[in-house]
Amino acid sequence: MFGGRRVGASSPQGRFAAGARLLDGRVVVDADAHGKHLLVGFDGDRVLHVHLGIYGTYGMGAGVAPAPTGAVRLRLVGEAGWADLRGPNVCEVLDRGEVKVLRDRLGADPLRADADPEVAWRRIARTRTCVGVLLLDQSVVAGPGNIYRAEVLFRQGVHPGVQGHALGRRRWEAIWDDLVVLMAEGVRTGRIDTVRPEHTPEAMGRPPRVDDHGGEVYVYRRAGLPCLVCGHGVRTAVLAGRNLFWCPVCQPSEGHEG
DNA sequence: TACCTATGTACAC
DNA sequence: TGTACCTAGGTAT
């Protein structure tokens, strides 16, 4: 919608007024994402860096932009359409050098063709930190969040408390390969569905259930409900500051509880 | 109208 | 580990 075109930038809410002025009237030359970070390049060595965080949203449309509603941090308007950004964790203008600093602190992104899971593995293999924490550490793996953490560990039968050094290369490779598939599918469909065809409510003869986040999942936010595979109650605990969910039967704990 | 929750991160201690 | 950031939508009062 904006690539190669001159765009208008404004901050109806006012909090990004100075930044918007740096971009206003410039041409969008490229756009890229690394993990949860969006990088939109403008002419003049200016890069818009956006991280949606936990609240942020983008609203977009074709044609003439409507009057802004709510707290619109940044509005971009081009010939073909408009985009409104609300509530981001980060919204700033960087130069290419600052972008490199940002990228250097991010780990392998399962959605990127240039990702090297070997780098992540070297970090994982030498730490006692558990895999449930490592999967949310964006300097190890960039992109997965709380839903993918819970779901990929369930799909691979890995207890979230397994320490990095005890995970083993094969299990790490299985987790990585699954993330690549799941996240690509998420991009394609715009939602997070992780339930295999043989476990869908239709296949199992259960009523359909879609989580509030909009996708079908095995354990995420299903605390106390029966596991879709074995029927045991799904457990929950806080790990790395976020609500974690797992099935204690399908994800055996290898000698430790909790 | 108040309160709670959420696909996240940084910083103080 | 706790808290601030900061927004919208849902539920309770």
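In what follows, every chain begins at residue 1, and chains take the letters A, B, ... in the order their sequences are listed. Keep in mind that the numbers below use all heavy atoms, side chains included, and drop hydrogens, waters and symmetry copies.
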Engineer: Which residues in residues 51-64 of chain A have at least one heavy atom lying under 4.0 Å from any atom of DNA chain C?
Structural biologist: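 Within this stretch, A:Tyr55 sit under 4.0 Å of the strand.
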Engineer: Check the distance between B:dA6's P and A:Arg86's CZ and give it to me in whole angstrom.
Structural biologist: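 Rounded to the whole Å, the gap is 22 Å.
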Engineer: Residues two or more places apart in sequence or in another chain: which of them pass side-chain contact (heavy atoms from CB on, under 4.5 Å) with A:Arg5?
Structural biologist: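 So A:Arg5 forms a side-chain contact (heavy atoms from CB on, under 4.5 Å) with A:Glu79, A:Ala80.
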Engineer: Applying salt bridge (charged side-chain N to carboxylate O under 4.0 Å, His left out), which residue pairs with at least one partner in residues 41-56 of chain A are found, sequence neighbours left out?
Structural biologist: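 Only A:Arg26-A:Asp43 qualify under salt bridge (charged side-chain N to carboxylate O under 4.0 Å, His left out).
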Engineer: Under 4.0 Å between a side-chain N/O of A:Asn243 and OP1 or OP2 of B:dA6, yes or no?
Structural biologist: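 Yes, such a contact exists.
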Engineer: Using a 4.0 Å heavy-atom cut-off, does A:Arg149 contact any base of the nucleic acid, only the sugar-phosphate backbone, or nothing at all?
Structural biologist: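 Nothing, no heavy atom under 4.0 Å.
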Engineer: Could you run down the sub-3.5 Å N/O contacts of the protein with nucleotides 11-13 of chain B?
Structural biologist:
none

Engineer: Rounded to the nearest angstrom, tell me the gap between atom OH in A:Tyr148 and atom P in B:dT7.
Structural biologist: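 Checked: the OH to P distance equals 14 Å.
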Engineer: So where does chain A start and stop touching DNA chain C, 5' to 3', when the test is distance under 4.0 Å to a non-hydrogen atom?
Structural biologist: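 Result: C:dC5 to C:dA8.
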Engineer: Suppose you measure atom C1' in B:dT7 against the same atom in C:dT1; what distance do you get, rounded to whole Å?
Structural biologist: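 The answer is 23 Å between these two C1' atoms.
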Engineer: Mark yes or no for whether A:Arg155, through its side chain, and A:Thr194, through its backbone, hold a donor-acceptor pair below 3.5 Å.
Structural biologist: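 Side chain of A:Arg155 to backbone of A:Thr194: a pair is present.
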Engineer: Before giving the answer on side chain to side chain contact (heavy atoms under 4.5 Å, CB included), spell out for A:Leu153 and A:Ile175 the whole-Å C-alpha distance, their side-chain angles and the decisive distance to 0.1 Å.
Structural biologist: CA-CA 7 Å; A:Leu153 289 176; A:Ile175 288 170; 4.1 Å; yes
Engineer: Whole angstroms only, please: what is the CG-P distance between A:Leu106 and B:dT9?
Structural biologist: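 Roughly 9 Å, once rounded to whole Å.
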Engineer: If you measure from the P atom in B:dC13 to the same atom in C:dC5, how many Å do you get, rounded?
Structural biologist: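 Straight-line distance between the two P atoms is 15 Å.
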Engineer: Starting at atom CG of A:Leu136, determine the distance to atom P of B:dT7, rounded to an integer number of angstrom.
Structural biologist: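 In whole Å, B:dT7 P and A:Leu136 CG are 10 Å from each other.
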Engineer: Taking OP1 and OP2 of B:dT9, is either one under 4.0 Å from a side-chain nitrogen or oxygen of A:Gln138?
Structural biologist: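 So the side chain of A:Gln138 is within the cut-off, an N or O lying under 4.0 Å from OP1 or OP2 of B:dT9.
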Engineer: List the residues meeting side-chain contact (heavy atoms from CB on, under 4.5 Å) with A:Ala237, not counting sequence neighbours, and say none if there are none.
Structural biologist: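 side-chain contact (heavy atoms from CB on, under 4.5 Å) check on A:Ala237 returns A:Trp246.
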Engineer: Scan for salt bridge (charged side-chain N to carboxylate O under 4.0 Å, His left out) pairs involving residues 165-175 of chain A, sequence neighbours excluded, and state none if there are none.
Structural biologist: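 Residue pairs passing salt bridge (charged side-chain N to carboxylate O under 4.0 Å, His left out), neighbours aside: A:Glu118-A:Arg169, A:Arg169-A:Glu173, A:Arg171-A:Glu254.
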Engineer: Report which part of the nucleic acid A:Asn89 touches: base, sugar-phosphate, or nothing (heavy-atom distance under 4.0 Å, all strands).
Structural biologist: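 Base: the residue A:Asn89, judged by heavy atoms under 4.0 Å, touches a nucleobase.
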Engineer: Take the protein atom NE2 of A:His37 and the nucleotide atom P of B:dT7, then report the distance between them rounded to whole Å.
Structural biologist: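 From A:His37 NE2 to B:dT7 P: 17 Å.
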Engineer: In whole Å, I'd like the distance from the CG atom of A:Asp137 to the P atom of B:dG8.
Structural biologist: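 Rounded to the whole Å, the gap is 13 Å.
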Engineer: With a 4.0 Å cut-off on heavy atoms, is A:Glu151 in touch with a base, just the backbone sugar-phosphate, or nothing at all?
Structural biologist: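 Nothing, no heavy atom under 4.0 Å.
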Engineer: List the residues meeting side-chain contact (heavy atoms from CB on, under 4.5 Å) with A:Pro88, not counting sequence neighbours, and say none if there are none.
Structural biologist: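 Only A:Val50, A:Arg73, A:Leu85, A:Cys91 meet the side-chain contact (heavy atoms from CB on, under 4.5 Å) criterion with A:Pro88.
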Engineer: To the nearest Å, give me how far apart CZ (A:Arg222) and P (B:dA6) are.
Structural biologist: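 It is 16 Å, rounded to the nearest whole Å.
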Engineer: Considering only the P atoms, how many Å lie between C:dT13 and B:dT5, rounded to the nearest integer?
Structural biologist: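 After rounding to an integer number of Å, I get 13 Å for this pair.
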Engineer: Provide the distance between the two P atoms, one in C:dC6 and one in B:dA12, to the nearest whole Å.
Structural biologist: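 It works out to 16 Å between them.
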Engineer: For A:Asp84, enumerate each residue passing the salt bridge (Lys or Arg N to Asp or Glu O under 4.0 Å) test, keeping only those at least two apart in sequence or located in another chain.
Structural biologist: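 Checked A:Asp84 against salt bridge (Lys or Arg N to Asp or Glu O under 4.0 Å); matches are A:Arg75.
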Engineer: Do any side-chain nitrogens or oxygens of A:Lys36 fall under 4.0 Å of OP1 or OP2 in B:dT9?
Structural biologist: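 The answer is yes; a side-chain N or O of A:Lys36 sits under 4.0 Å from OP1 or OP2.
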Engineer: Specify the separation, in whole Å, of atom CG of A:Leu239 and atom P of B:dG8.
Structural biologist: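 The distance from CG of A:Leu239 to P of B:dG8 comes to 13 Å, rounded to the nearest Å.
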Engineer: Taking ring-ring contact (aromatic ring centres under 6.0 Å, His included) as the cut-off, I'd like each qualifying pair that reaches into residues 50-98 of chain A, sequence neighbours left out, listed once.
Structural biologist: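 For residues 50-98 of chain A: A:His37-A:His51.
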Engineer: Can you tell whether the side chains of A:Asp30 and A:Arg96 come within less than 4.0 Å, N to carboxylate O?
Structural biologist: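 A salt bridge links A:Asp30 with A:Arg96.
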Engineer: By salt bridge (Lys or Arg N to Asp or Glu O under 4.0 Å), which residues pair with A:Arg128, not counting sequence neighbours?
Structural biologist: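 With neighbours one apart ignored, the set is empty.
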Engineer: Grouping I, L, V, M, F, W and Y whenever their side-chain heavy atoms are under 4.5 Å apart, do A:Val140 and A:Val180 come out in a common cluster?
Structural biologist: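 Yes, A:Val140 connects to A:Val180 through the hydrophobic network.
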Engineer: Taking the side chain of A:Ile147 as heavy atoms from C-beta outward, which of B:dT7, B:dA6, B:dT9 is closest to it?
Structural biologist: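 Minimum distance to the A:Ile147 side chain belongs to B:dT7.
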Engineer: Could you pick out which residue, A:Arg105 or A:Tyr220, lies toward the 5' side of DNA chain B when each is mapped onto its nearest nucleotide?
Structural biologist: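 Going by which nucleotide is closer to the 5' end, it is A:Tyr220.
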Engineer: For residues 187-197 of chain A, pull every pair meeting salt bridge (charged side-chain N to carboxylate O under 4.0 Å, His left out), keeping only residues two or more places apart or in separate chains.
Structural biologist: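 As it turns out, the salt bridge (charged side-chain N to carboxylate O under 4.0 Å, His left out) pairs with a partner in residues 187-197 of chain A, which skip direct neighbours, are A:Glu185-A:Arg188, A:Arg191-A:Asp193.
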